[in-house]
Amino acid sequence: MEANILVVNCGSSSLKLAVFDRLHNKLVSALAERLNTDDAFVNIAHADEPISLPAGASHETALRALIDALRDRGILAQDPAAIGHRVVHGGETFRGAALLDDDAIAAIGECAGLAPLHNPVNLAGIAATRTLYPNVPQVAVFDTAFHQTLPPRAFLYALPEAYYRDWAVRRYGFHGTSHYFMSREAARLLGLTPATTSIISAHLGNGCSISAIRDGISVDTSMGLTPLEGLVMGTRSGDVDPGLFDYLAGKGVSAAELHEVLNKQSGLLGLSGQSNDMRSLCELAEHGHKPSELAIDVFCFRLAKYIGAMMASLTALDALVFTGGIGENSSQVRQQTLSHLRLLGFELDPELNQSNGLYSDGRIDSADSRFPVLVIPTNEELVIAREALRLAEKSQPV
Ligand code: ADP
């Protein structure tokens with residue numbers, strides 16, 4: 001039996017695991033949440049028996065518990081062939097996935113200043129799997145890497161250039177693995193060659209971002225130095241006037257407070273006063289809750305403006321693609337967004353849109369639409385598994 005591939009995604013208080021076989025079939029997924037709190041718990045999808053975890057369990061404790069449980073179930077009976085880690089920030093150092101040797105790990109540590117909440121936990125996950133599996137090749141796949149092809153006109157802020165030179169202040173973009181997946185999957189579904197396919201990809205989950213991908217390469221994206229810029233998100237504001245900081249400082253709001261508000265109390269949650277969850281807001285709006293209706297309206301209008309903005313980076317458009325929990329499931333959000341863009345010629349087929357493109361190879365546009373519109377369920381774990389195996393095999397030629 002050939003060894004499987006383990007995919008690890010460490011968030012600030014959560015950990016997701018997935019195991020793929022060599023044919024890229026997902027065998028199992030598992031989740032640990034509320035880590036480092038009294039309510040820490042783990043769960044393996046479709047498992048019969050619960051797995052116990054001590055209160056306050058760390059990422060490493062949860063990882064060990066999950067791996068032991070998977071070993072018992074025969075899924076990781078032998079060491080994996082490769083381990084792929086999602087790493088949030090690769091700065092300008094990483095333009096693609098990287099085999100995790102000591103130098104690469106040190107370089108990820110150097111990028112931590114740009115993602116202080118994320119890279120350290122990603123490194124903790126890497127350290128834990130290196131201890132558990134010292135002889136298995138480990139690979140990092142970065143959220144930022146796919147966007148390293150942005151031209152300076154798209155990645156530079158109009159700030160004193162020393163900020164970029166001395167402090168690496170620039171737009172990096174995130175969700176790169178998902179945007180990459182959408183571009184390849186769109187090309188496949190449309191029968192095109194990835195290297196000559198141009199799309200606008202909208203990843204709409206709890207975090208939201210949009211990218212212009214020209215001939216298979218990312219040329220613009222809505223997130224910036226941090227994942228706060230751009231679209232309205234579940235709890236993040238997206239774009240605001242930078243003058244806000246000064247104005248609110250005058251009202252006694254500190255930088256730390258504003259950071260918290262813009263990241264955790266804004267977006268759909270801030271506008272609706274009810275929820276960061278789009279599905280809940282759609283239900284509330286249906287029952288006449290005006291603030292929820294307004295939150296959806298602001299979300300869709302911002303998204304429509306950004307779809308228009310992405311056009312500036314393209315000379316052709318093969319498809320507009322939606323993904324993420326909202327992009328894949330909300331016919332209402334897609335319809336409401338594109339209702340602002342009639343001038344550009346996007347037209348949806350109401351029935352195909354309603355069925356989320358499930359029976360039409362992802363297509364939801366109508367016959368008179370100027371551009372194809374697709375719904376593509378994203379699969380970042382699959383990309384990480386593929387990249388991990390590819391680099392592992394390169395590092396250990398048979
Ligand atoms: P994450 O970014 O955490 O992976 P997801 O991609 O799962 O999140 O997206 C979560 C979002 O998708 C939530 O706002 C949720 O309400 C929304 N969502 C899921 N299903 C639907 C639906 N049927 N209609 C509207 N929104 C939905």
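When a ligand or atom number is given, it counts from 1 through the structure's own listing order.
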Enquirer: Would you say the side-chain atoms of T193 pair up with the backbone N or O of T196, donor to acceptor, closer than 3.5 Å?
Expert: no

Enquirer: Is H59 reaching over with its side chain to a backbone N or O of A32, donor-acceptor style, under 3.5 angstrom?
Expert: no

Enquirer: Is it true that D220 and R171 make a salt bridge, defined as a side-chain N closer than 4.0 Å to a carboxylate O?
Expert: yes

Enquirer: Which ILVMFWY residues can you reach from Y164 by hopping between side chains whose heavy atoms are under 4.5 Å apart?
Expert: L150, F155, L156

Enquirer: For ligand 1, would you mind listing the residues that have at least one heavy atom less than 4.0 Å away, ordered by chain and number?
Expert: G205, N206, G207, N276, D277, M278, R279, G324, G325, I326, N329, S330

Enquirer: Does one side chain, of S339 or Q336, offer a donor that lies under 3.5 Å from an acceptor on the other?
Expert: no

Enquirer: Measure the acute angle between the ring planes of F371 and F346, then classify it against the limits of 30° and 60° as parallel, tilted or perpendicular.
Expert: tilted

